[in-house]
Protein chains: 2
Amino acid sequence: MAQRVTLSDVARAAGVGMATVSRAMGDHPDVSSSTRERIRAVAHELGYRPSVAARALRSGGFRAISVIVPDNQWGWWEPVAHACVETAAEAGYQVLVHPVGGGEGGLAGAIDGLSNVPTEGVIVISVPDQKSVREACDRIGIPGVAIDDSSADICFPSISADNYAGAREVIEHLIETGRSRVVFVRPRLSGGAPVWGDAFYLQERERAYRDVLAEAGLEIDESLIIDTAFDETAPGCPELGELLDRDVAVDAIFCSFDQLAATVLRELAARGLRVPEDIAVAGFDDERTAVLVTPQLTTARQPYAEMGRTAADLLLQSLAETAPPVRRYEFPTQLVVRASTVSTPRLQ
Amino acid sequence: MAQRVTLSDVARAAGVGMATVSRAMGDHPDVSSSTRERIRAVAHELGYRPSVAARALRSGGFRAISVIVPDNQWGWWEPVAHACVETAAEAGYQVLVHPVGGGEGGLAGAIDGLSNVPTEGVIVISVPDQKSVREACDRIGIPGVAIDDSSADICFPSISADNYAGAREVIEHLIETGRSRVVFVRPRLSGGAPVWGDAFYLQERERAYRDVLAEAGLEIDESLIIDTAFDETAPGCPELGELLDRDVAVDAIFCSFDQLAATVLRELAARGLRVPEDIAVAGFDDERTAVLVTPQLTTARQPYAEMGRTAADLLLQSLAETAPPVRRYEFPTQLVVRASTVSTPRLQ
DNA sequence: TTGTAGGCGTTATCAG
DNA sequence: CTGATAACGCCTACAA
């Protein structure tokens, strides 16, 4: 670019002082509308554009917050980010979204990188280890909020769905529609990521599974709890296959999250088992998978938009010097009944 | 927060001048390592953190670029954004991702909003109208690059897949595997969005359809070109249903993009038609839909990562004052053969 | 090797 | 209503 056009350039050209130009450009009351118009015309003519940096330096802040999203998973977080953007915009804040993969220092490394970014706070989504992220935030001195149901121990105000209640609803639905021998499918820890297997949401959903079955007077058969690779593109689910080979009485499958259902359904189809006539299948999240698979999936819908809105609200609150308490903020899910559990979906 | 700790605070506390502190914090050669260590210790002690704003003001730039992504569609653009992040990082740039919906001024409005954001350039993805976006970029004075195969007329260096060649490959594959009566499914323009129907990529894919059929000596039957609502959650595809009711000879369906295949496959399943035995189905994009539907979809894979990398490269080039020419940069797609067209997928 | 001083472009505070 | 002037926090000649 040529040369930056500054306030004083405009001032000189318009034959007024810098202060007047500044007032004219911002909508200050203390300028006569005639001079304001004249100055604006000159500014436009010269192609004047205010310097974000100078303004931020002077007024101490960029009015921007960051959202760090996992870039290794499908975009379930998009509605979350969208809600953050909306909410922040209402408060005059910009939102910067940073997709961060597993590599190079992970989340904590990414946060350290934020020290070079004009941002005043951060919302982290899906955190494997809140402690290190918390330390990174403290290091660069910005407040944080988490949208995260993976961490059992939390160091941030943490927003999540009510996994226990939501899973209860799904499993109760299975029982109510006459199922009694329910498989629970968990993701298998891949390689060196033991953290994942301890994910809080998995624990909660499993707890719901055990509780509901017990309350229904059903015995908990540990052989019905299986672990499978997390790869929605796989042609089938061998662990489920083995189970079905030796246990024909299975009449329902609860996948700990929707994405596991893709391979489960393929395995059932390959064996000529009809869903839901022979076996009902349900998931959790109401993620895109749920509507794309055949048949479409009964599941618990997470209120992503509301969760995003709350995250932004809490963070903005932190910036306004009233740090919200570090606790879990849980949101109820909604049971969505589709063709994978009942032949004629009845809505409730 | 209390009070900002500045360079001069550190200088005073360490009993040196500001310049020395500045040099010690950056890795300047002209400081004795002993003072450097001492100063760093003091700085750490005081919790000193450099001001992004002041630094940017002083050195004229934030070293950040923006990527504007559509937030009303599923995240097919994620690999694109990821590649942009990687590429930018290599050049020492941060990437800010801005999800933008259709509302409030649309893309052009979003770009205007960037004038308050510390960013030096912008990559726009999936642009309905390049002209207005171009004007917005000029207005706020930043260079842009588009990843976009919707606009027939371009005002940015525009990156896209080679839609014509890619679609040719898919349709040729259908012909080669013995199909001859091929339906072409297009999205119906919804409400007041005529721009969409003229999308360049649709024209190109349709042109390929017509050319390949003609070259194969097949007559083009206009009744085989149908428009359907674009809603992947719909239970079926009525337009296809009507066609099948009156034309039983159909033996293949080419969906102008993968997402249309979801309802198409449901329609076929509901009618008891087997895929691929009775009818083959193929799409375009190799988007997530392709692996989630049953059966999995033969399609043309767009090289999203490479496209993102190129976009970032071109933009960084613009920033380095060598504006790349405004033309279309096309990337070849790759035919991915799956179970929706051949019973035993043969890879090629 | 270290310190001093000036300026990056704004906005806010004063006088006029 | 308008104009001069002083910060905001950092970097970098230039001088010591």
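Proteins come first, then strands; the chains are lettered A, B, ... in the order of their sequence lines, and each starts at number 1.
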Judged by nearest nucleotide, the residue sitting upstream toward the 5' end of DNA chain C, B:A54 or B:S34, is B:S34
Specify the residue among B:L57 and B:V16 whose closest nucleotide of DNA chain C lies further upstream toward the 5′ end.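 That would be B:V16.
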Less than 3.5 Å between a donor and an acceptor, one on the side chain of A:R23 and one on the base of D:dG3, is that the case here?
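Side chain to base: pair found, below 3.5 Å.
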Legend entry - Presence of donor-acceptor pair under 3.5 Å, side chain of A:R58 and base of D:dA7: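 Answer is yes: a donor-acceptor pair is held.
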Quiz item: cation-pi between A:R328 and A:F200, 6.0 Å / 45°
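Here A:R328 passes the 6.0 Å and 45° test against A:F200.
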- Message: Within 45 degrees of the ring normal and closer than 6.0 Å to the centroid, is that where the cationic atom of B:R40 sits relative to B:Y48?
- Response: no
[atom1] of [X] versus [atom2] of [N]: gap in Å, rounded?
{"X": "A:D30", "N": "D:dC1", "atom1": "CG", "atom2": "P", "answer": "7 Å"}
{"X": "B:M18", "N": "D:dC10", "atom1": "CE", "atom2": "P", "answer": "7 Å"}
{"X": "B:R49", "N": "D:dG9", "atom1": "CZ", "atom2": "P", "answer": "12 Å"}
{"X": "B:R12", "N": "C:dG3", "atom1": "CZ", "atom2": "C1'", "answer": "15 Å"}
{"X": "A:L7", "N": "D:dA7", "atom1": "CG", "atom2": "C1'", "answer": "15 Å"}

Output yes when at least one side-chain N/O atom of [X] is less than 4.0 Å from OP1 or OP2 of [N], else no.
{"X": "A:R55", "N": "C:dT11", "result": "yes"}
{"X": "A:T20", "N": "D:dG3", "result": "yes"}
{"X": "A:T6", "N": "C:dC8", "result": "no"}
{"X": "B:S22", "N": "D:dC11", "result": "yes"}
{"X": "A:S59", "N": "C:dT10", "result": "no"}
{"X": "B:T35", "N": "C:dT2", "result": "yes"}

### Query
Would you call A:D313 and A:R309 a salt bridge, taking side-chain N to carboxylate O under 4.0 Å as the test?
no
Problem - Whether over 12 other heavy atoms sit under 6.0 Å from B:E45 CD - result: no
Practice problem: Report, as yes or no, whether the 6.0 Å neighbourhood of atom CD on A:E135 holds more than 12 heavy atoms from other residues, nucleotides or ligands. | Solution: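 Yes, CD of A:E135 has more than 12 neighbouring heavy atoms, counting only those of other groups under 6.0 Å.
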